[in-house]
Amino acid sequence: MLHTTIGNAGHLLVIVSFVTSLVAAFGYFKATQATALDQATDWRKFARWAFIGHGLAVVGVVASLFGIIYNHYFEYHYAWSHSSRSLPVYYMISCFWEGQEGSFLLWIFWNVVLGVTLIGTSKTWEAPIMTVFAVVQAFLCSMILGTVLPGLDLKIGSSPFLLLREAFTVAEAPFLATNPNYIPPDGNGLNPLLQNYWMVIHPPTLFLGFALTLVPFAFVIAGLWRKQYKEWVRPALPWALSAAAILGVGILMGAYWAYETLTFGGYWSWDPVENAVYVPWLVLIGAIHTMIVYRSSEAALRTAMILTIASFVLVLYATFLTRSGILGNASVHSFTDLGLSGQLLIYLLAFVVLAIGLLAWRWKQIPGDEKEATLYSREFWIFSGATVLCLASFQVLITTSIPVYNKIMEGLGFVSNLAPPANAVAHYTKFQLWFFVVVAILTGIGQYVWWNRLKAGKSAPVEGVKSRKPQVAVRGLSGNWLKQLGAWEVFSTPLMITLILTAAIISLGKVTNPIYIVVVLASVFALVTNGTILLRVFRGNYKLSGGAVAHIGVALMLIGILFSSGYSRVVSINSSGLLISDSEDFTKNNNQENKENAMLWLGKPTPMSGYIVTYKGQRIETRALSGYFPKENFELIEGDFHAVAKQDVVQNGQTFYKKGDTLAVYPENTYFEVEYREPSGKVFSLYPRAQVNPKMGLIPSPDIRHSLRNDMYTHVQAIKVGDEDDWGKTERHTVAMADTFFVNDYVAILDNVARVNEVEGVTLGPGDAAVQATIRVLDAGKIHELRPTYVIKDRLVGRKPEINREIGLRLAFDNIDPKTGSFTFTVNTTQRDYIVMKALEKPLINVLWIGALVVTLGFVMAIGRRWREFRLMQEKAAV
């Protein structure tokens with residue numbers, strides 16, 4: 001039976017959310033236009049209730065869609081496309097936003113949360129900024145309307161509540177002709193690459209960052225609209241800092257997901273979708289710095305407006321790039337076009353025209369900079385930093401937009417041969433590296449200038465302060481460290497410390513590349529200068545040290561990026577001299593992958609760059625127990641997510657399942673245990689994952705051993721494919737006691753034949769008998785013992801073979817000839833289990849992640865400070 005009620009309710013609530021967002025926008029607009037106070041209040045109350053109704057409708061839509069996914073209603077196209085019965089609940093959450101419609105809904109939800117928060121906190125700014133919010137919500141809700149305008153045959157949006165019979169035509173799915181109410185027994189499942197805990201928290205964080213960029217944008221528009229050109233900065237600044245922090249954390253989560261899940265050995269591949277998020281974040285950071293400049297000296301107001309507007313517009317542009325299908329051939333992360341490209345373009349252009357038009361209209365009325373920024377002014381250095389950040393974002397944007405240029409040229413009737421760079425990492429890195437070298441240097445100099453440590457003229461006295469006397473405390477700080485000095489007096493000591501530390505790092509890290517030396521020098525300079533400022537500021541008022549903390553984090557990230565990328569070492573060097581594969585993936589770039597991958601045979605120790613590495617076998621996860629268990633100990637139930645235990649399941653000495661018990665497992669994922677033995681004798685194991693997906697082929701994910709010094713990064717490139725029971729033709733060997741014979745290129749010796757009283761899986765009665773042979777198989781210094789059994793039960797002969805996957809051998813006790821004293825064995829062979837593996841050491845990569853945490857801490861400190869200032873302002877205004 002089709003569960004149509006929940007889908008119909010969800011679709012109705014989408015329509016309600018769209019209509020109520022328009023009503024709220026109208027009500028708030030009327031509130032801004034009302035001249036009488038009571039009229040403005042009435043319209044504002046009306047608009048509030050409309051927006052609250054909109055929010056409740058959105059919550060209902062979210063609940064409806066998740067209910068469909070959670071209850072496995074596979075008659076709905078969205079649930080069938082993105083989920084399956086085998087997924088745990090937390091991956092069902094990931095299914096919610098895997099598709100375009102769900103991700104739009106997530107964005108809409110966060111805007112509701114932020115809108116309700118602004119209603120309660122923005123006071124006099126409520127009407128104009130909520131007008132902008134409600135209009136944005138109307139555009140976003142239109143993306144999931146899935147409604148066809150009568151008479152125009154024009155579809156608006158793509159609904160997540162389509163049934164299969166509505167999503168497919170009969171030509172696409174012929175079975176619908178005979179059974180339009182067909183309900184698939186299971187769904188397609190979640191993309192294997194998204195089956196990671198980061199995909200549960202990364203998308204919500206990222207979309208909250210997207211949503212937050214709307215708040216400072218709305219304040220700018222409201223300021224221009226109401227001619228409050230200066231007043232918008234103070235309330236917008238804490239929101240902008242929050243947006244930058246959360247968007248930055250979301251980007252870093254995505255980078256860490258890529259590091260843990262993808263197999264390119266890194267965390268950032270300069271994919272167009274990654275770039276589309278990175279660009280508005282850089283511009284937003286620049287906007288924040290110009291807003292801080294204005295708060296301090298009433299300079300750079302126009303620049304702050306432009307960059308704040310640009311950060312939100314670039315988020316819309318990123319949305320267009322990733323969802324219009326325009327990057328289909330340029331990115332592995334972008335969505336396919338659902339027919340929304342026209343709507344997305346209208347959405348983008350509407351706000352570009354609105355913002356630029358309003359800014360141009362008010363341009364002459366916006367206060368300009370009254371004084372010229374000098375080399376010794378705060379404004380000069382912060383503005384320089386913001387400029388460098390914008391140039392860095394512009395360089396990324398220009399190259400990322402190549403598919404857009406081609407599409408525009410095609411629309412104009414021309415042919416464009418522009419193509420994205422073949423080596424994206426090398427292309428972007430050669431520019432971005434130098435931009436951030438400059439940023440690191442500017443953070444060090446800028447902090448000294450910001451805290452009045454530097455002035456024009458060597459040792460010039462400070463106005464109003466006698467020579468050699470401490471300057472009066474500034475910004476809650478005290479002590480003579482604030483006395484203004486000449487450039488050499490200020491920077492001589494930090495430069496000396498920088499040079500000494502840089503020399504030590506270069507020597508210990510064996511850094512010889514001149515470019516890398518410059519990066520180390522700039523990073524250490526930023527650490528030393530910002531660290532010095534941090535210590536002094538912290539002693540005076542730690543609440544003011546957020547900027548220095550964030551800059552220290554940036555310097556640490558630069559060092560981590562340099563060493564983890566520039567000095568990554570391949571451990572899995574192929575020393576056999578043989579080609580592992582002749583496929584293009586392995587032979588390109590002068591057989592790079594053939595040289596940097598090693599083939600490991602099951603159970604065979606292999607020397608590898610100082611390690612002894614052994615492939616120990618295939619493993620699976622159970623749902624109830626942590627850790628990995630040998631796959632051969634379970635009989636997987638096909639088409640289900642359960643398995644039957646072939647032997648007791650024991651963990652830490654405790655038996656959790658008995659032989660024959662059925663237990664829940666994760667059957668789609670297979671883990672490959674790889675044991676590393678270090679020269680010191682220390683042993684550790686890694687468990688890289690692979691999934692053989694019918695649509696996507698082999699989907700591997702790495703496993704990583706983390707340490708402060710380096711990470712060991714391991715993933716499989718190829719595995720043995722085919723049925724595990726795909727045995728070769730049967731060979732027969734008749735031998736006497738102590739005879740030798742050859743099986744699968746190994747020497748086998750019959751050591752013993754003896755009667756046994758117990759046979760696994762067989763109950764022996766009083767008249768039954770069983771005989772077991774012991775056969776040694778010699779394998780390059782290693783001995784394997786196989787014990788096949790010959791059983792006579794109820795006067796019938798049975799044979800229980802012995803299987804050894806490590807040497808690809810199945811041996812059965814076939815016959816006993818008492819006259820000659822000989823024994824016959826049948827032998828079947830198969831290819832030994834193996835993996836093709838790549839392993840890398842990533843030095844100091846955890847310095848990168850530590851730096852990211854430090855940057856986040858700096859943002860949190862800065863956010864706390866600006867929110868406190870904003871609340872104090874509101875309290876004073878209320879008095």
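Nothing here was measured: the structure is a model prediction, and the numbers come from that model. Position 1 is the first residue of the sequence, and the numbers go up from there.
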Any ring-ring contact (aromatic ring centres under 6.0 Å, His included) pairs touching residues 562-584, not counting sequence neighbours? Y516-Y567, F563-Y567
side-chain hydrogen bond (donor to acceptor under 3.5 Å, both in side chains) against K604, all qualifying residues, sequence neighbours excluded: none
Can you give me every donor-acceptor pair (side chain of residues 680-688, partner residue at least two apart or in another chain, under 3.5 Å) with its distance?
unit_1, atom_1, unit_2, atom_2, d
S685, OG, E673, OE2, 3.3

Restricting to side-chain hydrogen bond (donor to acceptor under 3.5 Å, both in side chains), what partner residues turn up for T387, sequence neighbours left out? none
Which residues share a side-chain hydrogen bond (donor to acceptor under 3.5 Å, both in side chains) with H427, sequence neighbours left out: T399
I'd like a table of donor-acceptor pairs (distance under 3.5 Å, sequence neighbours excluded) in which one partner is a side-chain atom from residues 507-515, with atom names and distances.
unit_1, atom_1, unit_2, atom_2, d
N513, OD1, I515, N, 2.9

For W268 and Y259: C-alpha separation, side-chain torsions, deciding distance, then whether ring pair (Phe, Tyr, Trp, His ring centres under 6.0 Å) applies. CA-CA 8 Å; W268 195 264; Y259 182 60; over 10 Å; no
ring-ring contact (aromatic ring centres under 6.0 Å, His included) partners of residues 594-614, not counting sequence neighbours, each pair once: W601-Y834, Y611-Y676
Using the test side-chain contact (heavy atoms from CB on, under 4.5 Å), find all partners of A862 that sit at least two apart in sequence or belong to another chain. L241
Contacts of S401 that satisfy side-chain hydrogen bond (donor to acceptor under 3.5 Å, both in side chains) - sequence neighbours left out: Y317
Side-chain donor-acceptor pairs under 3.5 Å in residues 546-557, sequence neighbours left out?
unit_1, atom_1, unit_2, atom_2, d
H551, ND1, N530, OD1, 3.2
H551, ND1, G547, O, 3.2

Filter on salt bridge (Lys or Arg N to Asp or Glu O under 4.0 Å), then keep only pairs touching residues 557-579, sequence neighbours left out; what's left? R569-E841
Under the rule for side-chain contact (heavy atoms from CB on, under 4.5 Å), what residues qualify as partners of T606, not counting sequence neighbours? L600
